[in-house]
Amino acid sequence: MARFEWAAEYDTGNDNIDDQHKQIFDAANLLFEAVRQKKEGDVLDQLFDVLLQYTNTHFKDEEEFFEEIGSSLLTFHKAEHRRLVDEIRDMWREKRQGSSEDIGMDLEHWMEQRLVPHIIKEDVRALEAAS
Ligand SMILES: [Fe+2]
Ligand SMILES: [Fe+2]
């Protein structure tokens, strides 16, 4: 069973956004599984990169969409996206430097304490703030 399971309460009401969120979950699951199997080096680097790319692409698309619909929370939302991406980069760097005690726990924290709250609160708020 995948570590990070999609739940109906994560739906934002926008199918495109939900589909992209699910892709981020898929990427996080692949990375988590590799960590669980104690994979290292290039394999882990590639999976981190996939998570970073999926997340970046989603944020870019979402920001364009929020701009199109005239969401008043766009500026705030963009800053929040930058923080989330920086946190993936920090996680990755700490792993490479050997300063992370448990990369699986770091990823769980990012998914459950950072990404999911962003989805269910900030994405929904930004959608509702359309003009
Ligand atoms: Fe999102
Ligand atoms: Fe967002």
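All of these numbers come straight from a predicted model, not from anything done at the bench. All ligand and atom numbering here is 1-based and tracks the order in the structure. Below, all heavy atoms of this structure are taken into account, side chains as well, without hydrogens, waters or symmetry copies.
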Undergrad: Is it the case that over 12 heavy atoms from other parts of the model lie below 6.0 angstrom from the NZ atom of K121?
TA: no
Undergrad: Between the side chains of W92 and D49, is a donor N or O closer than 3.5 angstrom to an acceptor N or O?
TA: no
Undergrad: Over 60° means perpendicular and under 30° means parallel, so classify the ring planes of F4 and F25, tilted if in between.
TA: perpendicular
Undergrad: Which protein N, O or S atoms sit under 2.8 Å from the Fe ion (ligand 1)?
TA: H21 NE2, H58 NE2, E62 OE2, D123 OD2
Undergrad: Is the H58 ring parallel, tilted or perpendicular to the H21 ring (thresholds 30°, 60°)?
TA: perpendicular
Undergrad: Taking only residues two or more places apart in sequence or in another chain, which ones pass side-chain contact (heavy atoms from CB on, under 4.5 Å) with Q37?
TA: E33, K39
Undergrad: So among R83, H81, E80, which one has a side-chain hydrogen bond (donor to acceptor under 3.5 Å, both in side chains) with H118?
TA: H81
Undergrad: Which single N/O/S atom of H77 lies at minimum distance from the Fe ion (ligand 2)?
TA: NE2
